[in-house]
Amino acid sequence: MALDAQKREELQELKTQTHTTKRAIAPGLEDILYEVFPVLDHGFIRVIDYMGNDASITQAARVSYGKGTKQINQDEGLIRYLLRHRHTTPFEMCEIKCHVKMPLFVGREWLRHRTASINEYSARYSILSNEFYIPEPDQLGIQSKTNRQGRGEVLTGAEAQRVLDILKKDAALVYEHYEEMLNENEQGEVLDPNRSGLARELARMNITWNCYTELYWKIDLHNFMHFLSLRADVAAQYEIRVYALMLQDILKAWVPLTHKAFMDYRKNAVYLSQQGADVARRMIQGEQVTQESSGLTTREWQEFLQGLQLDKKML
Ligand SMILES: Cc1cc2nc3c(=O)[nH]c(=O)nc-3n(C[C@H](O)[C@H](O)[C@H](O)COP(=O)(O)OP(=O)(O)OC[C@H]3O[C@@H](n4cnc5c(N)ncnc54)[C@H](O)[C@@H]3O)c2cc1C
């Protein structure tokens, strides 16, 4: 992911500007504001702006007049209580705005999260960049046999090379045709003065899903964590998960107390159904429970064992 000289200059200038403010700030985010964090081969995440910090959550929860914060351990206790008991509105008082660049197929998953405000790069108005996601060889998984929405072992040798060759060749070809249809190159220079060229809004239809797009994405902290709980999860596709994991680090820089509570009560927590809790109780009382005697389906049983990190041999 390389930014051109003009973009680097703009970023550098932004980073040197400082303002005094009466508003609450998050020192961890101030340190990384505007910085470009690379993701995948051409993507990135940058934090553009934000509102609020950990103290804003406790202030809102206490509907306080002034500073609203108490001792750090009292604030931490309150944040943990709110998150544990799904008292969500205080977390909606904080917001973050990011600039994200991602392949179109990642963008399709991203845009399913309706509780954000989004503005996307317009391929009706502007020419798409000649940037296509080509996976690292260790991401070329085969179709999973157990999970229809997942990947299995990694392709190797000639088959892996053939996949990479196809992806690179097709990306080059569709971009060449895109320029030909537009009668313009990536820089907007006319290729043949005797041709008119097709409108940008039409020429884009031939572009493949691994071409990159860019979004401005603004979301409140509650829905930001909801996004992370779904997309920073092992069940999420790798290509969106790597963005979510980067955002998880940004969460830590922004609201460290909330991040800790999120990791404890959401990300690394284990949920049990009524039947799962009954099985856990029986096990604690010393009963040898098997899938057959558990009353759980095969899939539920596997998820139960994985959730509690129980090895089948231990049962
Ligand atoms: C692993 C995984 C696999 C997936 N597979 C598929 C798939 O095969 N096909 C597919 O179509 N999608 C799929 N999705 C997308 C998924 O169904 C959700 O659309 C996406 O995760 C956004 O979640 P959300 O609606 O909770 O988030 P948001 O849109 O941010 O909404 C947050 C919450 O607000 C509420 N809300 C928002 N809008 C409405 C509304 N209009 N009506 C009622 N309540 C609302 C809901 O409580 C919702 O949970 C998948 C997601 C994941 C993580």
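Throughout, numbering of the chain's residues begins at 1 and tracks the sequence. Atoms within a ligand are numbered from 1 in the order they appear, just like the ligands themselves. Owing to the predicted nature of the structure, the values given are computational and were not obtained by experimental measurement.
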Using distance alone, with no hydrogens and no angle criterion, decide if [X] and [Y] have a side-chain donor and acceptor under 3.5 Å apart.
| X | Y | answer |
| --- | --- | --- |
| E239 | Q237 | yes |
| D49 | Y216 | no |
| E303 | Y271 | no |

- Query: Do side-chain atoms of Y133 reach the backbone of F105 as a donor and acceptor pair under 3.5 angstrom?
  - Reply: no
- Message: I need the atoms of ligand 1 closer than 4.0 Å to a non-hydrogen atom of L230, numbered in the order shown.
- Response: 21 (O), 23 (O), 53 (C)
- Message: Quick check on contacts: which atoms of ligand 1 are under 4.0 angstrom from a heavy atom of A235?
- Response: 1 (C)
Of all the non-hydrogen atoms in the protein, which one sits nearest to [atom], and at what distance?
| atom | answer |
| --- | --- |
| atom 34 (O) of ligand 1 | T115 CG2, 4.0 Å |
| atom 12 (N) of ligand 1 | R112 NH1, 3.0 Å |
| atom 5 (N) of ligand 1 | Q149 NE2, 3.2 Å |

- Message: Counting only heavy atoms closer than 4.0 Å, does ligand 1 sit against the backbone of Q237, its side chain, both, or neither?
- Response: neither
- Task: May I ask you to identify, for H226, whether its side chain, its backbone, both or neither come under 4.0 Å of ligand 1 on a heavy-atom basis?
- Result: side chain
- Is D278 paired with R281 through a side-chain N to carboxylate O contact shorter than 4.0 Å? yes
Considering all protein heavy atoms, does one lie under 4.0 Å from [atom]?
| atom | answer |
| --- | --- |
| atom 43 (C) of ligand 1 | no |
| atom 26 (O) of ligand 1 | yes |
| atom 18 (C) of ligand 1 | no |

- Query: What orientation do F227 and W110 show, parallel under 30°, tilted 30 to 60°, or perpendicular over 60°?
  - Reply: tilted
- Query: Angle class for the F224/W254 ring planes (parallel below 30°, perpendicular above 60°, tilted otherwise)?
  - Reply: perpendicular
- Identity of the nearest option to atom 15 (C) of ligand 1, non-hydrogen atoms only, from H222, R231, R241, R114: R231
